Student: 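Have a look at the structure that comes next, please.
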Amino acid sequence: MGAKWGVVVVAAGRGSRMGTKESKQYLEMQGKPIVVHTLELFAALDDLAEIVVVVGADDVGRVEELVSRFGIGKVKAVVAGGSERQHSVYNGIQALSPAVEWVMVHDGVRPLVTAAAVGACCSVAERVGAAVLAVPVKDTIKQVGDNGLIVSTPDRRSLWAIQTPQAFRRELLVRAHEQAHEEGFLGTDDAMVVERMGVPVAVAEGDYTNIKITTPEDLPWAEFLLAKRGRGEG
Ligand SMILES: Nc1ccn([C@@H]2O[C@H](COP(=O)(O)OP(=O)(O)OP(=O)(O)O)[C@@H](O)[C@H]2O)c(=O)n1
Ligand SMILES: C[C@](O)(CO)[C@H](O)COP(=O)(O)O
């Protein structure tokens with residue numbers, strides 16, 4: 001990462017698919033909330049200038065206290081998110097310092113991303129203008145109709161499972177979010193609002209361990225990977 005980079009860590013979701021009373025980003029692993037693991041990883045990146053954390057409106061004070069308790073550096077602001085992930089992202093971008101010219105957006109519930117993968121994503125973004133971390137899919141993916149019948153089977157060689165961080169020149173991402181808002185478009189990731197403008201977005205190959213903690217089955221796998229990483233076993 002050469003230029004002035006900021007990251008928006010989004011953690012304002014309800015975690016409904018996890019089925020826990022506590023939102024999944026606050027579930028603890030190795031004595032720390034998942035979102036703290038994620039923030040600590042980005043705070044340790046030498047070339048990262050600042051972090052904005054986006055959380056539920058009622059959780060701003062709680063997360064500010066976590067940032068202080070765990071001594072997490074580079075946190076410029078903790079701000080309230082919105083009803084959709086895309087709204088939370090936009091709120092986060094607005095809180096970055098004006099000097100930040102490149103933005104990463106990262107899911108707060110992806111605590112296992114590596115510094116190397118983040119660096120690769122940013123390098124590709126600086127070259128292309130926009131990039132997302134991804135891995136080639138391992139399973140055959142099929143499109144299935146409402147009737148449960150298979151519609152098509154895309155060539156697996158062209159299919160990638162998209163992750164975060166997703167990295168962009170800041171003015172591009174702001175413009176894309178504002179256009180999506182004006183046109184009532186909601187995407188499931190940040191690249192979608194840029195792609196729909198016809199702007200190229202590149203893929204940077206990441207790791208299969210960069211999982212998004214979403215459903216209960218993800219928790220033991222994340223615990224295992226976190227422990228493995230803590231032992232320096234990658
Ligand atoms: N309005 C929202 C929705 C999601 N997120 C964040 O976006 C990331 C990816 O979203 P997802 O895994 O879907 O989290 P949730 O929306 O909380 O999960 P669910 O869909 O199961 O409720 C998470 O870190 C989540 O906290 C957010 O900041 N604001
Ligand atoms: C952004 C993302 O993590 C890329 O795979 C994914 O689209 C988030 O989806 P979610 O339903 O908000 O978890």
Side-chain angles (χ1 to χ4, degrees), residues 7-27 29 32-42 51-60 62-63 66 77-96 103-113 117-118 121 125 130-139 141 159-168 173 176-177 180-181 185-196 201-219 221-222:
V7 65
V8 173
V9 176
V10 285
R14 286 175 298 106
S16 53
R17 286 171 285 181
M18 184 56 75
T20 47
K21 186 172 182 304
E22 178 68 281
S23 296
K24 60 185 180 180
Q25 56 269 39
Y26 302 114
L27 298 178
M29 290 190 173
K32 285 181 203 174
I34 287 168
V35 68
V36 170
H37 286 282
T38 305
L39 293 175
E40 287 180 336
L41 180 131
F42 281 91
I51 300 170
V52 167
V53 201
V54 188
V55 299
D58 296 341
D59 290 334
V60 172
R62 169 189 192 178
V63 175
L66 285 173
V78 180
V79 301
S83 57
E84 299 292 340
R85 181 182 180 282
Q86 189 169 304
H87 303 148
S88 297
V89 170
Y90 188 72
N91 291 358
I93 298 168
Q94 299 298 93
L96 289 166
V103 180
M104 279 181 275
V105 181
H106 187 67
D107 297 329
V109 291
R110 287 185 189 268
L112 287 153
V113 70
V118 171
C121 187
V132 299
L133 266 190
V135 288
V137 297
K138 300 178 190 176
D139 301 313
I141 306 291
L159 298 180
W160 291 67
I162 304 303
Q163 305 173 342
T164 67
Q166 304 197 355
F168 310 85
L173 190 59
H177 268 265
H181 177 71
F185 175 81
L186 262 186
T188 55
D189 78 346
D190 307 287
M192 286 176 78
V193 296
V194 173
E195 292 162 45
R196 66 191 297 271
V201 180
V203 157
E205 186 162 357
D207 311 293
Y208 288 105
T209 54
N210 179 24
I211 64 169
K212 180 165 69 74
I213 298 172
T214 307
T215 53
E217 303 80 13
D218 297 324
L219 291 170
W221 180 220

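In this chain, residues are counted from 1 in sequence order. Just so we're clear, the structure is a prediction, and the values are computed from it rather than from any experiment. In each ligand, atom 1 is the first atom listed, and ligand 1 is the first ligand listed.
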Student: Between His106 and Phe42, does the ring centroid distance fall short of 6.0 Å?
Tutor: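 That pair passes the under 6.0 Å test.
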
Student: Could I get the full list of ring-ring contact (aromatic ring centres under 6.0 Å, His included) partners for Trp160, not counting sequence neighbours?
Tutor: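 Checked Trp160 against ring-ring contact (aromatic ring centres under 6.0 Å, His included); zero matches.
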
Student: Please, which pairs that meet side-chain hydrogen bond (donor to acceptor under 3.5 Å, both in side chains) have at least one residue in residues 186-195, sequence neighbours excluded?
Tutor: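 side-chain hydrogen bond (donor to acceptor under 3.5 Å, both in side chains) check on residues 186-195 returns Arg85-Asp190, Gln166-Asp189.
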
Student: Report yes if some N/O of Gly108 lies less than 3.5 Å from some N/O of ligand 1; otherwise report no.
Tutor: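 By distance alone, the answer is yes.
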
Student: How far is atom 6 (C) of ligand 1 from its nearest protein heavy atom, and which residue and atom is that?
Tutor: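 The answer is Val10 O, 3.7 Å.
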
Student: For atom 13 (O) of ligand 1, what's the nearest protein heavy atom and its distance?
Tutor: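 The closest one turns out to be Arg17 NH2, 2.7 Å.
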
Student: Suppose we measure from atom 5 (N) of ligand 1 to each protein heavy atom; which comes out shortest, and what is that distance?
Tutor: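 Checked against all protein heavy atoms, atom 5 (N) of ligand 1 sits closest to Gly13 N, 3.6 Å.
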
Student: Starting from atom 8 (C) of ligand 1, locate the nearest protein heavy atom and write down its residue, its atom name and how far away it is, to 0.1 Å.
Tutor: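 Of every protein heavy atom, Asp107 OD1, 3.5 Å lies nearest to atom 8 (C) of ligand 1.
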
Student: May I ask you to list the atoms of ligand 1 that are less than 4.0 angstrom from any heavy atom of Lys24?
Tutor: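 In order of number, 11 (P), 12 (O), 14 (O), 17 (O), 18 (O).
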
Student: Identify the closest protein heavy atom to atom 29 (N) of ligand 1: which residue and atom is it, and at what distance?
Tutor: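 Among all protein heavy atoms, the one nearest atom 29 (N) of ligand 1 is Ser88 OG, 2.8 Å.
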
Student: Just which atoms of ligand 1 are under 4.0 Å from any heavy atom in Arg85?
Tutor: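 It comes down to these atoms of ligand 1: 1 (N), 2 (C), 3 (C), 4 (C), 7 (O), 29 (N).
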
Student: Not counting sequence neighbours, list each pair that qualifies as a salt bridge (charged side-chain N to carboxylate O under 4.0 Å, His left out) and has a residue in residues 205-216.
Tutor: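 Those involving residues 205-216 do not exist here.
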
Student: Can you give me a line-by-line list of nitrogen or oxygen pairs between ligand 2 and the protein shorter than 3.5 Å?
Tutor:
residue	atom	partner	partner atom	Å
ligand 2	3 (O)	Asp107	OD2	2.6
ligand 2	3 (O)	Arg110	NH2	3.0
ligand 2	5 (O)	Arg110	NH2	3.3
ligand 2	5 (O)	Ile162	O	2.6
ligand 2	7 (O)	Thr188	O	2.8
ligand 2	11 (O)	Arg17	NH2	3.0
ligand 2	13 (O)	Arg17	NH2	3.2
ligand 2	13 (O)	Lys212	NZ	2.6

